[in-house]
Amino acid sequence: MMIFKIFRASEWEALRAAGETQGAPIDIADGYIHFSTAQQAPETAAKHFAGATDLMLVCVDADKLGAELKWEVSRGGQLFPHLYRNLRLQDVSWAQPLPLVNGTHSFPAGLDEASQ
């Protein structure tokens, strides 16, 4: 299953430069890296990144993260993937800009199907 992390462009560039990251400030504060499923990602973008124009959508294969990936109850009682280690650049399957179009983030077409 593919899971997704939304980074600000500067956070993505820092990951690319260093080869790994503890995540965004919220991740560091919480002690794990927050991810979303394809179904959860649009709500995550709307709730935590409303109006942001410098975002990157990063895709990771959950099956390759091992035991450090935990599925835990979060927003709305849903299970969300949380990574309890640094995210390494080698963990990333792909990344692409997440543009803001008419006030809403535009996710890639077919994201739900591609995440299976």
Side-chain angles (χ1 to χ4, degrees):
M1 166 186 251
M2 304 309 271
I3 57 174
F4 301 90
K5 175 69 181 164
I6 300 171
F7 279 120
R8 289 179 173 76
S10 61
E11 295 161 346
W12 169 243
E13 289 305 319
L15 168 57
R16 290 182 64 207
E20 66 179 32
T21 183
Q22 293 178 321
I26 186 74
D27 301 319
I28 295 167
D30 287 348
Y32 56 84
I33 299 176
H34 295 261
F35 282 88
S36 298
T37 65
Q39 297 78 20
Q40 295 164 338
E43 185 180 345
T44 297
K47 181 176 174 92
H48 298 288
F49 299 95
T53 58
D54 66 339
L55 302 179
M56 292 294 293
L57 182 65
V58 175
C59 177
V60 173
D61 185 344
D63 295 333
K64 294 183 178 179
L65 296 177
E68 292 90 1
L69 183 71
K70 310 285 185 204
W71 291 82
E72 299 175 315
V73 176
S74 189
R75 183 175 69 230
Q78 298 177 61
L79 291 176
F80 278 77
H82 297 151
L83 182 62
Y84 285 87
R85 68 163 170 79
N86 285 357
L87 176 66
R88 298 182 290 257
L89 189 56
Q90 67 196 35
D91 296 326
V92 175
S93 297
W94 55 260
Q96 68 180 58
L98 185 59
L100 189 66
V101 178
N102 298 322
T104 303
H105 292 99
S106 179
F107 284 81
L111 186 65
D112 285 348
E113 294 82 22
S115 69
Q116 304 300 318

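Interatomic distance, R8 CZ to E13 CD, rounded to the nearest 0.5 Å: 15.0 Å. In this structure, OH on Y32 lies 13.5 Å from NZ on K70, to the nearest 0.5 angstrom. Annotation: the span from D61 atom CG to M1 atom CE amounts to 10.5 Å, rounded to 0.5 Å. Here the straight-line distance linking atom CD1 of I33 with atom OH of Y84 works out to 11.5 Å at 0.5 Å rounding. Atom CZ of R88 sits about 8.5 Å away from atom CG of L65, to the nearest 0.5 Å. Atom CG of D54 is separated from atom CD of E11 by 8.5 Å, given to the nearest 0.5 angstrom.
Using a 4.5 Å heavy-atom cutoff, the side chains of Q78 and E43 are in contact. D91 places none of its side-chain heavy atoms less than 4.5 Å from the side chain of K5. Side-chain contact between C59 and Q96 is absent, with no heavy atoms from C-beta onward closer than 4.5 Å. Side chains of W12 and L55 form no contact here, defined as non-hydrogen atoms less than 4.5 Å apart. Looking only at side-chain heavy atoms (C-beta outward), I6 and H48 stay at 4.5 Å or farther from each other. Between H105 and P99, every side-chain heavy-atom pair lies at or beyond the 4.5 Å cut-off. Taking the side chain as every heavy atom from C-beta outward, F49 and L98 never approach each other to under 4.5 Å.
Heavy atoms from other residues, nucleotides or ligands lying under 6.0 Å from CZ of R75 number more than 12.
Residues F35 and L89 are members of one and the same hydrophobic cluster, defined by side-chain heavy-atom contacts under 4.5 angstrom among Ile, Leu, Val, Met, Phe, Trp and Tyr. M56 and V92 end up in the same hydrophobic cluster when Ile, Leu, Val, Met, Phe, Trp and Tyr side chains are linked at under 4.5 Å.
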Requested in this report: With side-chain contact (heavy atoms from CB on, under 4.5 Å) as the test, would you mind laying out the steps for D27 and Q22 before giving the verdict?
Outcome: CA-CA 7 Å; D27 301 319; Q22 293 178 321; over 6 Å; no
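Residue F80 is tested with I3, T37, T44 for a side-chain contact (heavy atoms from CB on, under 4.5 Å); the sole match is T44.
In this structure, Q40 contributes its side chain and L79 its backbone to a donor-acceptor pair below 3.5 Å.
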